[in-house]
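Okay, structure first, notes after.
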There are 2 protein chains.
Amino acid sequence: MSGAVDPGYDPHAFEPFAVTVDLAVFTVRGGALHVLLIRRGQEPYAGSWALPGGFVLPRESAETAARRELAEETGLPEQVVAALHLEQLRTYSEPDRDPRMRVVSVAFTALVPDLPEPAAEGGGDAAQARWLPLGEVPDLAFDHAVILADARMRIRSKLEYTCLATAFCPPEFTLGELLAVYETVWDTVLDRPNFRRKVLTTPGFVEAVPGAARLTGGRGKPAALYRAGPATALHPPLLRPEGPTP
Amino acid sequence: MSGAVDPGYDPHAFEPFAVTVDLAVFTVRGGALHVLLIRRGQEPYAGSWALPGGFVLPRESAETAARRELAEETGLPEQVVAALHLEQLRTYSEPDRDPRMRVVSVAFTALVPDLPEPAAEGGGDAAQARWLPLGEVPDLAFDHAVILADARMRIRSKLEYTCLATAFCPPEFTLGELLAVYETVWDTVLDRPNFRRKVLTTPGFVEAVPGAARLTGGRGKPAALYRAGPATALHPPLLRPEGPTP
DNA sequence: CCTTTAATAGTCACTGTGACTATAAACAGG
DNA sequence: CCTGTTTATAGTCACAGTGACTATTAAAGG
């Protein structure tokens, strides 16, 4: 616990820890799950791709730092960043994960709708930011490949028993778009009518927008629009077809 | 990420962070969920109860530190501690959670069978360690009440979709004991035959110990013995009666 | 118009579960 | 030794939720 040992503990007595945050920010675009990556400008791993993130400042919590870094590196307005779904994933603390010094990193997962185009240059850190499909992600700096894999597993399983999928959608969406989120994240094909039945009979998952409908890219019958409902958990869950973690 | 900013970063340049681990160690004893607490010997919060834990050493990962602290403060043999179920809960990083300095704490949850009697004195830190039923937990030091509440919520929901409940049982156990784990953690009463059917038809949840049986405290028909099976996830899950988090 | 595409409606069989009844095997006490 | 109590184990029945499928509706395009 915080201070079982503390004989007049001197903060500068030994090599200190640095604390950082790393962000695995996902979006669904064009039928593929994308993750936000930045290209590193400095050593170590200069030129490599990495997850966005940075140091936690002395008066910040890890979550505050995560939102600040995300705003800086994506150029999204603070207000948008303040509202989006951000969730702690886990903390990575292997002693040699950073070659320079002891760095403990708190990793977060964020889900955003497709809309925001990278707009990376706002940050100023000269690092370029891009959305990359998971299939095209190159080797990453530090242990970020592990973090990314953990984050992916986490969201795959969270879609099963939470209403998180709506975080990938714009404020108003069609059930076809929501279906596409599930199919993309799980990399499966779901039965459309069954999916519809499940979503609509789960209380609080989605709410119909009265009278609204949208033409789905020109083809087919217009779809009704829905908003995310107040529910956060799915009882019973919406299990994906195959095993727990294919 | 770990080092987007790093202009020849000087480790001693600013007030450093300390990194600690906190442990929420649970056991089921006598129909009540118990948590392991220690009484603090020093300020701050001297005399208060707190979760066991301590500083992460310069060459340790958080998980290594958690196992070491647990061994020190419970007196359990290293070998037992090395094998038990330990899982990262989340990291607590509010700037003022420790009045002395900036402390970021990685919290863990551990589940142990009833057997180990506190045996706290082995540690030497003079702090006394005790198992307390959750209903009798007093005010805790720092933000440990929050950590404990989070840990409790986590294990309650993990019993639903993982095989974790066996971690509360000795190596060989009866289905009645496993049932008691669920009933204690969820604070509900489950139908015995239905529970039995569910556990036995879930592949890999438990394995029968051939020919073995145990007298259940003298009363009633002897029960067959089982061991934990290889499965880790429960598909479909074993949902608790009421809402998601009562 | 007729075809294509996607949304929406509805059907049917099966699986898993909740509620419940029945039997078996130990012990306690008269 | 019989009887009641306790706990384990076996089995039944009805219903909810789901997977697989078929049918209909409403748009766009040639």
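Within every chain, numbering begins at 1; the chains are lettered A, B, ... in the order of the sequence lines, protein sequences first and strands thereafter.
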Output all residues satisfying side-chain hydrogen bond (donor to acceptor under 3.5 Å, both in side chains) with Asp191(B), sequence neighbours left out; order by chain, then residue number.
Asn194(B)
Applied to residues 156-182 of chain A, the ring pair (Phe, Tyr, Trp, His ring centres under 6.0 Å) test, sequence neighbours excluded, yields Tyr161(A)-Tyr161(B), Tyr182(A)-Trp186(A), Tyr182(A)-Phe195(A)
Please enumerate all residues that pass side-chain contact (heavy atoms from CB on, under 4.5 Å) together with Ala24(A), with sequence neighbours excluded.
Phe26(A), Ala151(A)
side-chain hydrogen bond (donor to acceptor under 3.5 Å, both in side chains) with Glu87(B): which residues, sequence neighbours excluded?
His85(B), Arg154(B), Lys158(B)
Taking CZ from Phe205(A) and P from dG17(D), how many angstroms apart are they, rounded to a whole number?
16 Å
Which letter, B, S or -, goes with each nucleotide of nucleotides 9-15 of chain D from 5' to 3', with contact meaning a protein heavy atom under 4.0 Å?
BBBB---
According to side-chain hydrogen bond (donor to acceptor under 3.5 Å, both in side chains), who are the partners of Ser61(A), at least two apart in sequence or on a separate chain?
Thr64(A)
Can you tell me how far C1' of dT17(C) sits from CD of Glu160(B), to the nearest Å?
15 Å
Lys198(B) side chain near dG16(C) phosphate (N/O to OP1/OP2, under 4.0 Å):
no
Look only at the side chain of Thr174(B) and the backbone of Glu177(B), and say whether a donor-acceptor pair between them is shorter than 3.5 Å.
yes
Nearest-angstrom distance from the residue atom CG of Leu234(B) to P of dG16(C):
13 Å
Whole-Å distance separating the CG atom of Leu190(A) from the C1' atom of dG19(D)
11 Å
Which whole-number value in Å describes the distance from His235(A) NE2 to dG16(C) C1'?
17 Å
